Amino acid sequence: MKNLIILFTTLFLSVLVSCENNQEAKNLNSFADGEIAITLGGEPRTLDPTLNSLSFGSVYMIHFFEGLTKKDSSDNVVEGMAESWDISKDGLKYTFHLRTNAKWSDGKPVVASDFEYAIKRAANPETGASYSHMLNVIKNASLVISGKAKVDDLQVKALDDYTLEIVLENPAPYFLEYISVSSPYFPVRKDIVEEFGDEWSRKPETYIVNGPYIMAERKTDEKIVMEVNPNYYAKDEIIAKKITVVIMSDSNTALAAIREGSILFSYLEAPMGEIPTLLKENYLLQERGFGIFFLEMNTLKGVLTNKNIRRALAIAFDRNYIISNVIKMDQIPAGAFVTTGMKDYDGGDFRENGGNYIDVDNYQKNIEEAKRLFTEAGYPNGEGFPVLEVRSTPGYFTIICEAIQEMYKNNLGIDIFIKSEEYNTTYQAMVQKDYDLARSGWNADFSDPMSVLNFFSKTSSVNHTGFADKEFYNLMEFAAKTQNEKERMEALHKAEDILFDYMPVIPLIYKLNPYMINPKLKGVVFSPLGRYKFNYAYIEK
């Protein structure tokens with residue numbers, strides 16, 4: 001009887017797996033040639049390139065819009081809307097020559113004044129662009145953004161319809177890469193924005209774009225459909241003719257859709273408990289990024305105004321345990337803010353040269369130090385310490401926070417409350433400073449440590465911790481101006497020293513994005529900057 005039960009169970013599971021595989025194959029075969037479906041997460045807060053501030057929003061941006069430069073199928077910087085450019089000998093003046101065959105999706109030509117308008121719109125403090133600090137490399141940008149100079153003082157000028165001049169504050173070797181992926185540099189049409197206001201980017205009929213795709217359909221909280229822009233100058237190079245972006249906020253829902261073949265890629269992190277199985281089945285993408293996941297601390301609120309408390313919270317849990325036993329992937333524990341893989345002036349690794357500010361490999365010593373700091377702050381064994389709230393997204397990060405929650409209880413004798421919610425809700429709470437701790441992340445916009453530390457720049461609108469330090473800002477300004485690479489990197493190391501003396505964040509892990517992908521999806525361009533391109537994607541038959 002026992003053998004019959006085992007045989008029946010085995011047969012049942014085999015049939016179940018076979019049915020799942022057949023369903024997946026059926027769904028994959030239902031896609032027309034040149035058609036794919038993916039999810040980038042929940043409903044985007046905006047599809048206006050000037051106003052976008054989220055990583056997954058940037059993926060939309062590089063499909064709907066194109067800057068002066070772009071990334072090709074090998075993730076190299078190549079000509080975009082500009083077919084050529086000249087750089088002055090001092091590296092400050094860039095003169096871009098726009099291609100004359102570039103058109104907007106409504107057939108009107110793309111002209112230099114579209115770029116001038118868009119960039120000045122992003123710098124204008126009345127616009128409220130969260131990523132306006134990305135423009136600081138342009139001469140007078142920081143003054144304009146802070147309201148100390150007029151918008152027209154920004155050194156961006158259309159010399160004629162097809163010539164754009166941008167003057168920088170200081171030489172920036174990374175500038176051509178920067179403008180290829182940073183949406184505040186993407187053009188928008190003045191007549192469209194002025195006629196339709198905030199609604200211009202919400203409807204297919206008013207969403208006039210210049211990139212490889214148009215918005216063919218949009219159903220709020222359901223889907224956004226991209227189709228090849230018939231007026232795009234390089235439309236014949238595009239392989240994915242139609243991309244349906246399914247709106248999903250739950251990673252388990254995304255996993256079910258991946259398994260059944262109704263979507264092929266998910267920007268949502270994989271459910272933690274499914275990661276080992278997904279790895280074995282080749283359904284998990286482990287893509288390293290130039291970024292970090294961390295918890296922001298509201299340093300202006302309650303006990304978190306105490307630097308010793310912030311330091312204790314940052315060291316009182318075991319990152320290696322979380323990676324080995326909770327995440328079960330190949331992440332690197334974060335003991336600093338600038339990620340690994342970025343070069344220092346000597347060609348070495350910036351992180352290795354600078355070392356860690358948290359000894360991630362000496363957990364017991366960290367616990368003893370955390371207890372001492374709590375006692376000095378007046379909370380021995382956590383006595384009298386208030387319950388702090390940690391805002392997190394469902395799934396992956398909530399489970400990480402639960403592990404931290406348990407270690408805080410065991411090591412410090414304190415309780416924290418985890419509030420699991422969509423990131424848009426968390427972000428709004430951070431903007432309003434209505435939070436204690438919140439899950440956050442940052443990805444570089446160009447391959448340089450400065451791009452990571454820019455999260456805390458003077459004009460940054462994404463730093464919600466309350467951290468502000470004059471010496472830090474001076475070092476960042478010096479690093480932006482100097483042409484001496486050794487001195488530049490030394491300034492960035494010192495800036496990071498100041499950051500961790502203040503301790504406004506709790507670094508968790510460096511980015512290794514656990515995204516779900518159907519192994520039959522090929523041709524996606526993955527980038528450590530996080531701007532994934534699906535233009536060349538296809539389903540392997």
Side-chain angles (χ1 to χ4, degrees), residues 55 75 172-174 177-178 286-296 310-311 314-324 327-366 369-370 400 440-457 463 467 469 471-472 475-476 478-480 482-514 526-530:
S55 294
D75 201 38
Y174 52 80
E177 178 185 33
Y178 197 32
Q286 295 191 80
E287 193 70 26
R288 293 207 183 278
F290 287 152
I292 180 174
F293 292 119
F294 54 96
L295 296 178
E296 290 191 53
R310 299 197 299 269
R311 172 75 184 174
I315 64 177
F317 62 94
D318 189 347
R319 292 161 176 80
N320 288 304
Y321 176 86
I322 291 173
I323 290 171
S324 299
I327 305 174
K328 299 180 181 178
M329 289 177 63
D330 296 327
Q331 270 102 341
I332 299 173
F337 198 75
V338 176
T339 182
T340 58
M342 291 194 158
K343 289 184 179 180
D344 211 325
Y345 75 93
D346 59 358
D349 187 279
F350 183 92
R351 183 72 284 126
E352 290 181 8
N353 287 354
N356 282 332
Y357 298 92
I358 297 171
D359 188 350
V360 297
D361 295 318
N362 204 332
Y363 180 43
Q364 288 305 317
K365 183 180 178 181
N366 289 342
E369 175 68 4
I400 290 175
S440 193
W442 184 244
N443 210 88
D445 298 299
F446 53 95
S447 307
D448 190 277
M450 177 178 283
S451 183
V452 184
L453 291 172
N454 272 344
F455 181 89
F456 298 98
S457 70
N463 166 29
F467 170 78
D469 185 274
E471 187 179 357
F472 178 90
L475 287 164
M476 292 294 288
F478 174 82
T482 183
Q483 296 186 51
N484 184 310
E485 190 64 7
K486 183 175 185 292
E487 292 180 354
R488 189 174 80 87
M489 287 297 174
E490 286 175 347
L492 293 176
H493 279 296
K494 289 177 183 177
E496 195 176 24
D497 290 345
I498 292 170
L499 182 68
F500 276 87
D501 179 66
Y502 188 89
M503 193 63 75
V505 297
I506 299 175
L508 299 175
I509 51 178
Y510 295 122
K511 278 196 172 183
L512 178 69
N513 298 316
F526 296 110
S527 165
L529 299 178

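Numbering starts at 1 and runs along the sequence shown. Everything numeric here is computed off the predicted structure, so don't read it as measured data.
Contact record, A480 with M450: N-CE, 3.4 Å, taken as the closest heavy-atom pair. Nearest heavy-atom pair, V360 versus P333, reported as atom, atom and distance to 0.1 Å: CG2-CG, 4.0 Å. The two residues A495 and F472 come nearest to each other via the heavy atoms O-CD1, 3.2 Å.
Residue pairs meeting the salt bridge (Lys or Arg N to Asp or Glu O under 4.0 Å) criterion with at least one partner in residues 331-351, sequence neighbours excluded, are R351-E496.
Contact check for D445 versus E177: no side-chain heavy atoms found under the 4.5 Å cut-off. Under the 4.5 Å side-chain criterion, counting only non-hydrogen atoms from C-beta, I327 is in contact with I322. Within the 4.5 Å cutoff, side-chain heavy atoms of F350 are placed close to those of H493. The side-chain heavy atoms of M489 and N353, taken from C-beta on, include no pair separated by under 4.5 Å.
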Checking F478 against M476 for the side-chain contact (heavy atoms from CB on, under 4.5 Å) test, could you report, in this order, the C-alpha distance in whole Å, the side-chain angles of both residues, the deciding distance, and whether it holds? CA-CA 5 Å; F478 174 82; M476 292 294 288; over 6 Å; no
Y321/Y363 under ring pair (Phe, Tyr, Trp, His ring centres under 6.0 Å): CA gap, chis, key distance, verdict: CA-CA 10 Å; Y321 176 86; Y363 180 43; 8.4 Å; no
Working note: T339 + R288, criterion side-chain contact (heavy atoms from CB on, under 4.5 Å); need CA distance, chi angles, decisive distance, verdict. CA-CA 10 Å; T339 182; R288 293 207 183 278; over 6 Å; no
Could you go step by step and tell me if K494 and E490 meet the salt bridge (Lys or Arg N to Asp or Glu O under 4.0 Å) rule? CA-CA 6 Å; K494 289 177 183 177; E490 286 175 347; 5.7 Å; no
Evaluate the side-chain contact (heavy atoms from CB on, under 4.5 Å) criterion for residues V452 and W442: first the C-alpha distance (whole Å), next the side-chain angles of each, then the deciding distance (0.1 Å), finally the verdict. CA-CA 7 Å; V452 184; W442 184 244; 4.2 Å; yes
Does N320 form a side-chain hydrogen bond (donor to acceptor under 3.5 Å, both in side chains) with D361? I'd like the steps, not just the answer. CA-CA 8 Å; N320 288 304; D361 295 318; 3.2 Å; yes
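Residues passing the salt bridge (charged side-chain N to carboxylate O under 4.0 Å, His left out) test with E296, sequence neighbours excluded: none. For E485, the salt bridge (charged side-chain N to carboxylate O under 4.0 Å, His left out) test picks out R488, with sequence neighbours left out. Among residues two or more places apart in sequence or in another chain, the salt bridge (charged side-chain N to carboxylate O under 4.0 Å, His left out) test is passed with E471 by none. With sequence neighbours excluded, the residues satisfying salt bridge (charged side-chain N to carboxylate O under 4.0 Å, His left out) with D75 are K71.
Taking the six-membered ring for Trp, F337 and F456 have ring centres closer than 6.0 Å. The ring of F467 has its center no closer than 6.0 angstrom to the ring center of F455.
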Compile the donor-acceptor pairs under 3.5 Å between side chains in residues 497-512 and protein atoms, sequence neighbours left out, one pair per line.
unit_1 : atom_1 : unit_2 : atom_2 : d
D497   : OD1    : Y357   : OH     : 2.6
Y502   : OH     : T299   : OG1    : 3.0
Y510   : OH     : A336   : N      : 3.4

